Asker: 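Input: one structure, supplied below.
Not measured: the values here are computed from a predicted model. Heavy-atom basis, side chains included; hydrogens, waters and symmetry copies ignored.
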Amino acid sequence: MEQIFTGWSLWLLLAALFVVVELLTGTFACFCLVGGCVAAFVAAALGFDLSVQLACAAVGTVVCFIAFRPLMRRHREAMGNNDNPSNMDALLGRTAFITEPIPENGLGRLKIDGDNWQARSSDGSPLSQGTRVCVTGYDSIVLIVEQSNVE
């Protein structure tokens, strides 16, 4: 029976699998494994046996981790130092007016940029409709507000 997969084709298949996993996870680690698979592919294409291929895979993976480490560090720092907040963090510090009163220790509603949000006061005090508030935090999708003294 003819052998369906050769050593080099298995390494290419593994490399493709790791690329897909990397694209789904975005961790950079699987790209390093791809580097190891490519090194093992070269060894298999040159006719080396499995032990040499495995050694090349290990060395290639370690070399990729060392080579990509500065890139990974810069990427993590760039992701951590985002000067443009998004999602809920973009609402922190914003001012709004209460559209439905907030009862004592309860929930009311407010509107920011046309979006209607549930809100509660930071100290549990009631706030009446039309009160100007500042967003100080959030708990899931509920904004935490306090009365704003700025007119």
Asker: Is L143 close to L91 at the side-chain level, that is, under 4.5 Å between some pair of heavy atoms?
Answerer: yes
Asker: Nearest heavy-atom pair of R132 and T95: which atoms, and what distance?
Answerer: NH2-OG1, 3.5 Å
Asker: Testing K111, R109, E100 one by one against N116 for a side-chain hydrogen bond (donor to acceptor under 3.5 Å, both in side chains), which residue passes?
Answerer: R109
Asker: Do Q129 and T99 have side chains that get closer than 4.5 Å, going by heavy atoms?
Answerer: no
Asker: With the side chain counted from C-beta on, respond yes when S148 and V133 share a heavy-atom pair under 4.5 Å apart, and no when they do not.
Answerer: no
Asker: Looking at every non-hydrogen atom in both residues, tell me the closest pair between I144 and S121 and how far apart they are.
Answerer: CG2-C, 4.5 Å
Asker: Looking at T25 and V21, would you say the former's side chain and the latter's main chain have a donor-acceptor pair under 3.5 Å?
Answerer: yes
Asker: So, do W11 and V42 sit near enough that their side-chain heavy atoms are less than 4.5 Å apart?
Answerer: no
Asker: Using side-chain heavy atoms (C-beta onward) and a distance below 4.5 Å, is C56 in contact with V52?
Answerer: yes
Asker: Considering all heavy atoms of both residues, which atom of G130 and which atom of F97 are nearest to each other, and what is their separation?
Answerer: O-CD2, 3.3 Å
Asker: For R120 versus G106, what's the shortest heavy-atom pair and its separation?
Answerer: CB-O, 3.4 Å
Asker: Determine whether W117 and V135 make a side-chain contact, defined as any pair of heavy atoms from C-beta on separated by less than 4.5 Å.
Answerer: no
Asker: Which pair of non-hydrogen atoms, one from A15 and one from C37, has the smallest distance, and what is that distance?
Answerer: CB-CB, 3.8 Å
Asker: Quick check against the 3.5 Å criterion: does D123 have a side-chain atom that pairs as donor or acceptor with the backbone of S125?
Answerer: yes
Asker: Between G35 and C64, what is the shortest heavy-atom contact and its length?
Answerer: CA-SG, 3.6 Å
